[in-house]
Trainee: 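Pasting a structure below so you can have a look.
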Amino acid sequence: MSRDKLKKRLYWLVDRLSTLFIVGFVLVAVWIIIQFTSIASFKIPSDSMEPALLAGDNIIVNKWVMGARVFNIFDAVEQKEVNISRLPGLGKIARNDILVFNFPYPAAWDSIGLNVMNYYVKRCVALPGDTFEIRNAHYQVRGYGQPLGDTEAQDDLQDLLDEGRADGVVLNGYPYHEQVSWNIREFGPLYVPAKGSTVELTPFSLALYKNVIEWEQKKKLALRDSVIQLGNEPIDRYCFLHNYY
């Protein structure tokens, strides 16, 4: 083979390799952008969403609804507290939507702390501003007449409770406080905070919203001598900074 032909073949090979590298780089960049802004895949770790979702199922999350989250992934991997912001969202969460979210109590039940690397999958049954209740083991939202959640499972739970066959079932319900005697059969009414809404603070509402307020304000909320104090300041009502679901 002549030197000229060898050079031409070498140039052709370098050109093809360069093209493949550029195409591969673009595809990887597009995949990263799509994962970051549009969709993400998750594997269902448990059977808690049966029969809608089974353990081991893979699901795709549409990030355009709420807007993709932006945070320091390196701080998250090191389990440090992260500041989270969002890209603009194009939709809204609806009741009965299945959501992927971070479990808000990774350490203890008395304080909220988001571990952004720990994902849960559940069904949303109440939106910001809703008043949620459980009556005879069935979910309700005031002013909303449609079924919420897995009604067949709620029927089964009602039957178990009616027949006294609920051995081994945890009956107590949030907030697990002496001021509140709610359980999985009779729960609420619980107002789900909406951004900008205000609640009057009493010993009862303190039990419901203490963790949320402390998380928003990064201060301790306590009842001292019949006076509710946020930090060292007395407070008798609170305006929420975020929407909750």
Side-chain angles (χ1 to χ4, degrees), residues 48 93 95-96 99 101-114 120 122-144 147-151 153-162 164-245:
S48 66
I93 293 173
R95 299 181 192 91
N96 283 322
L99 307 181
F101 63 99
N102 299 121
F103 185 59
Y105 293 98
W109 284 107
D110 61 352
S111 61
I112 293 175
L114 298 182
Y120 270 55
K122 300 293 179 186
R123 189 182 302 277
C124 178
V125 294
L127 302 174
D130 280 350
T131 297
F132 176 74
E133 304 176 72
I134 301 176
R135 293 291 170 251
N136 208 14
H138 287 74
Y139 301 163
Q140 300 177 8
V141 164
R142 289 185 178 179
Y144 181 76
L148 291 168
D150 184 352
T151 54
Q154 295 166 38
D155 291 339
D156 291 342
L157 177 60
Q158 180 185 355
D159 291 340
L160 286 175
L161 296 171
D162 287 344
R165 296 188 292 113
D167 294 340
V169 177
V170 177
L171 298 179
N172 290 338
Y174 182 86
Y176 312 107
H177 191 279
E178 61 185 10
Q179 286 278 348
V180 187
S181 58
W182 296 347
N183 55 54
I184 62 173
R185 180 168 190 157
E186 300 295 332
F187 179 97
L190 172 66
Y191 173 74
V192 182
K195 181 178 180 180
S197 63
T198 300
V199 295
E200 181 182 356
L201 290 181
T202 64
F204 182 81
S205 62
L206 178 67
L208 301 182
Y209 302 112
K210 179 178 183 291
N211 293 339
V212 169
I213 295 172
E214 289 183 343
W215 180 72
E216 288 193 348
Q217 294 296 321
K218 309 304 181 191
K219 297 179 181 178
K220 287 295 183 181
L221 190 66
L223 179 64
R224 301 188 181 98
D225 298 327
S226 300
V227 177
I228 297 176
Q229 293 183 324
L230 181 61
N232 294 320
E233 298 294 326
I235 182 174
D236 60 4
R237 60 190 62 246
Y238 183 76
C239 181
F240 293 99
L241 304 180
H242 302 282
N243 286 322
Y244 293 87
Y245 298 82

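Note that the structure is predicted; figures quoted are calculated from it, not measured. The residues of the chain are indexed from 1 along the displayed sequence.
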Trainee: Are the side chain of Glu133 and the backbone of Leu190 linked by a donor-acceptor contact shorter than 3.5 Å?
Mentor: no
Trainee: Between Asp130 (side chain) and Phe132 (backbone), is there a donor-acceptor pair under 3.5 Å?
Mentor: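 Checking the backbone N and O of Phe132 against the side chain of Asp130, no donor-acceptor pair under 3.5 Å is found.
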Trainee: Please check this pair: side chain of Arg135 against backbone of Gly188, looking for a donor-acceptor N/O pair closer than 3.5 Å.
Mentor: yes
Trainee: Between Ser205 (side chain only) and Glu200 (backbone N and O only), is there a donor and an acceptor less than 3.5 Å apart?
Mentor: yes
Trainee: Any donor-acceptor pair under 3.5 Å linking the side chain of Gln154 with the backbone of Leu148?
Mentor: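 Flag set: sc Gln154 to bb Leu148 pair under 3.5 Å.
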Trainee: Is the backbone N or O of His138 less than 3.5 Å from a side-chain atom of Gln158, with the two atoms forming a donor-acceptor pair by type?
Mentor: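 Not a single qualifying donor-acceptor pair exists.
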Trainee: Please round to the nearest 0.5 Å and tell me the distance separating atom CD of Gln179 and atom CG of Leu208.
Mentor: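 Separation between the atoms: 9.5 Å.
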Trainee: Kindly give the heavy-atom pair with the smallest separation between Ile93 and Leu127, and that separation in Å.
Mentor: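 Shortest heavy-atom contact: O-CD2, 3.6 Å.
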Trainee: Atom OH of residue position Tyr139 - does it have more than 12 heavy atoms of other residues, nucleotides or ligands inside 6.0 Å?
Mentor: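 Counting other residues, nucleotides and ligands, OH of Tyr139 stays at 12 neighbours or fewer.
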Trainee: Check salt bridge (Lys or Arg N to Asp or Glu O under 4.0 Å) between Arg165 and all other residues, then give those that pass, not counting sequence neighbours.
Mentor: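 Glu163.
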Trainee: Any chance you could measure Asp150, atom CG, to Asp156, atom CG, to the nearest 0.5 Å?
Mentor: 8.0 Å
Trainee: Which of parallel (below 30°), tilted (30 to 60°) and perpendicular (above 60°) describes His242 and Trp215?
Mentor: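 Answer is tilted, since the angle falls between 30° and 60°.
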Trainee: Between Phe101 and Tyr245, does the ring centroid distance fall short of 6.0 Å?
Mentor: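 No: the rings miss the under 6.0 Å criterion.
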Trainee: When you compare the side chains of Ser197 and Tyr191, does any donor N or O come within less than 3.5 Å of an acceptor on the partner?
Mentor: yes
Trainee: With a 4.0 Å cut-off, would you call Lys219 and Glu214 a salt bridge?
Mentor: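 The answer is no: the pair does not qualify as a salt bridge.
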Trainee: So, the side chain of Asp236 versus the backbone of Leu201: is there a donor-acceptor pair under 3.5 Å, distance only?
Mentor: no
Trainee: Looking only at non-hydrogen atoms, find the nearest pair between Asn96 and Pro147 and report the distance.
Mentor: ND2-O, 3.0 Å
